[in-house]
Structures are given as C-alpha cells and as structure tokens.
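One structure is given below, encoded as structure tokens.
Below, each value reflects all heavy atoms present in this structure, side chains not excepted, and no hydrogens, waters or symmetry copies. Convention: sequence-line order gives letters A, B, ...; per-chain numbering from 1.
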Amino acid sequence: MNDEEMLTRGLRSLAAEMESVEAPEAVEAKVLEAFRAQRKVVPMPRRQSNARYWLVAVAAMLLIAITVVVFRWHTGTVDTPQQAKQQTSPESTPKLDEQQPSSPQQFVAGANDETTNPLPQRRKPRRIHAPASRPEVAQVANHVTNEIATDFIPIGYMSAANLQDGGQIVRVQLPRAALANFGLPVNMDRYNEKVKADVLLGVDGRAHAIRFVQ
Amino acid sequence: MNLKNDLSDSELLRLMLAGDEEALALLYRRRQGGIYRFALQMSGSKTIAEDVTQDVFLFLMREGHVFDPARGSLSAFLFGVARNHVLRRLRVEHLLAPLGDESDDDVPLVHASSELCPLEDLTRAETIESVRKAVLSLPSKYREVVVLCELQDVSYGETAEILGCAIGTVRSRLHRARALLLAKLRPAVEVEETGSATVKSARCFA
C-alpha cells in the first residue's frame, strides 16, 4: 500500500470516527434562550423608530407644501409689474439691449412711475391678492401702451461698461426746449409746455440715456 | 410529523428571522453537527468548538438577513462564519500548532470499535490519532481545505465559496496539504510497518 492510499484511508477513518460527534445540548439551549431574549427585546424599538420616521416624513411634507404655497403666492404678487412690462410695445424697448443690466426688474420699477419726482423710488412688493391686482395691471398696461416714446438717446458721457451692473428708468418732466438739445424738432406753439421723458440712470446715479414720451 | 422538516435552509432562515423559534431549532439541529466538527477539527479544542457553534448561530439570528441565496448555500455561509470565528479564536489563544501539547479539553476522538480485534483496533486508533494530530499541525490555510474537503466532504466549489478563493487555489492547497501530511506521517507509517513486522516475527517464534 503506498503512502497516498494510507493517507486517504487515515483521513476517511478520521472523518468516519467524527461523523457522530455533535455539539452538546447545552449549546442548543443557550442559542434558543438567546433567541427568545432577542425576540422579546427587538420589536419594541422597531415600532418606535417606525413611528418616528413617519412623523418626520409627514412634518417634512407639510413643510414642503406650505413653502410651495407661500412661494407661489409671493411670486404672483411680484410678477405683476413684469406682466405689465411684457404688454408694452416693442418700440419702448431701449436700443441698448446689450448694455442692459442683468436685472430687468430694476428698469421696470421706474418705468411705470407716474410721479414727477426724479429721485429713484423702490417700492416693496405689496401683499395683495392676485385677482384684485389684475384690473390694476391691465389699467397700467393700457396706459403704457397709449404712450408714444422715442428711442433711447445716449447722453454724451455714457459708456457701455457703466450699465453692466444695472440701472433704473426715472420718469421726469423737462422743458420742451430740451428736445432741441437732442436734435428733435420743437413745436414752437407749445414751447412753454413741458414734455415727459424717461431718463436711464446708471448705478453711479448719472443719466446715461433719455427718451421722450408723449 | 412536522411539515417544517421539509423546508429548505433558506426558508427556515426566513421563518427564523420572522421570529419562528421552531425554525431556528430545526435549522440548528440540521447544521450544528457540521459546524461543530469543523470547529473541533480546526482547533482541536472542544471549548472553542462549542463557543464557535454558539457564536455562529447567534450571528445568524442577528445578521441572518445578510445571507444571499444567490451567492451560495446556507451551509457554505455558516461554514464561512465558523471559519472566521475559529481563526479569530486561534489567533487570540495562540493555538495554531497544538501538536504534542494537548490541553485539558483536548480529548482524543478515537473510540474503540467492537467489530475489530483489540490489536487492529489499537492500530486503527493510533492511525486516526496520528492523522488528527498531523491535520492540526498544518498551517491554517492548508488545514481548512483538508478539514472541509477530506473530513467534511464539502465539494471543491463550496470550499472555494467558503474560503473566498478560486477552485484552482483549493485544489493546489489540498495537494500541498496532502504532501505535508504525508511528510508528517511518514515516520509513523514506518514505525507502524516495523511494529507489525516485529509482531509477525514474534508469532513465528511463538
């Protein structure tokens, strides 16, 4: 008998000898005892944690819903002047498109200002209900549409770089003779009357362009 | 007759994780023997084998959900867990090579057989004991393939799953392990052959 066969026989004998060997019963008792203890302890925290997760999820959904409602309501009031601006005629758009500031709302804020105060006034958006504000918006839009305006005429010292940061349009009244300064014809019969004009102010507070409105 | 006896290991595990104690008991009785023998043959210590068997099933109770049937059988999964526990215990207790240094609980596993005559029985018992000691003296990476493939009759494929290596690696380790075992057992074989020759000559002179 060679060595390999003897080794195989020896290993088989050892395996056969140990075939009936099993763990003592005390081990099974310990395992089952541990299982019972685990089953008693585990379910309670699970239920608590599930309830907590549901509570957090419901709270988060409520918060999201409230945020969306408030945002939409707030956006509706802020959009009102924008809608008015969109209804204005294309002729009223300045030719200096590439020089417009990044925030067009700053132009719009002053464009519909009917006061003669040359100082820029920033109005905070009022909290009004959207249905009530719509007739007012239409009225303003119609008023703006009825106006006839010239193109913006650049004022001498204006530079394009100055308008990159934004600007503001202010409605003013000027003597009719001012038309002549910009090369426009003047009706001598109405020489003493005043004419409305929109002045484009840069962030530096200086006038960069002007247009005349009738 | 209990209908759960026919359930597969995976189904019993699912029931056990759902809180069914009977499923755990069935699963334990079905798999504890292999786990215990594996731990005993790997460590040579009954104490370690009992602890490992208990730890394996406690692990299954706590982390049984990590078992994926698509990756292998539950038996292979349990052997893998047992292997990790055994190696950890051996590392801690520095019992990697207990040859010739039997502890108190290291009881020889060879029992007398009534079918053989006393001399043959003794020879067989000595052979088994020497093989057992030789297996225990192997380095762990060779010992585990011998225990799994030769003593537990686990297939090469399952052994590869348990050890996390390729089947080729299992084959080469087994080949190397057998060579080491032969080298360790050769003196004993020679002695055995010499001993048997002496007995024969004694009988001739008697």
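When each of A:A26, A:G10, A:A16, A:S20 is checked for heavy-atom pairs under 4.5 Å with chain B, A:G10 comes out on top. Chain A forms the most heavy-atom pairs under 4.5 Å with one residue out of B:I35, B:V147, B:T53, B:L151, and that residue is B:L151. Listed options A:L11, A:L32, A:T8 were ranked by heavy-atom pairs under 4.5 angstrom with chain B; first place goes to A:L11. Listed options B:E21, B:R29, B:E50, B:Q54 were ranked by heavy-atom pairs under 4.5 angstrom with chain A; first place goes to B:E21.
Note that CG of B:L58 and NZ of A:K30 are 10.0 Å apart. Values are rounded to the nearest 0.5 Å. Note that OG1 of B:T127 and CZ of A:R9 are 7.5 Å apart. Values are rounded to the nearest 0.5 Å. The distance from the CD atom of A:Q38 to the CZ atom of B:R62 is 7.5 Å, given to the nearest 0.5 Å. With rounding to the nearest 0.5 angstrom, the CZ atom of B:R132 is 11.0 Å from the CD atom of A:E17.
When all heavy atoms of B:G33 and A:E22 are compared, the closest pair comes out as CA-CG, 4.3 Å. Taking both residues in full, the closest heavy atoms of B:Q32 and A:A23 are given as OE1-N, 3.0 Å, listed atom of the first, atom of the second, then distance.
Counting heavy atoms from C-beta outward, A:V27 and B:Y28 have side chains that approach closer than 4.5 Å.
Looking at residues two or more places apart in sequence or on another chain, you find no side chain to side chain donor-acceptor pair (under 3.5 Å) involving B:E63. In this view, B:Y36 satisfies the ring pair (Phe, Tyr, Trp, His ring centres under 6.0 Å) rule with no residue, not counting sequence neighbours.
Under the 3.5 Å distance criterion, the side-chain polar atoms of B:R37 are matched with a main-chain donor or acceptor of A:V21.
Using a 4.5 Å cut-off between heavy atoms, B:A49 makes no contact with chain A at all. Only the backbone of B:D20 comes within contact range of chain A, with heavy atoms under 4.5 Å apart. Contacts of A:E19 with chain B are made by backbone atoms alone, with heavy-atom separations under 4.5 Å and no side-chain atom involved.
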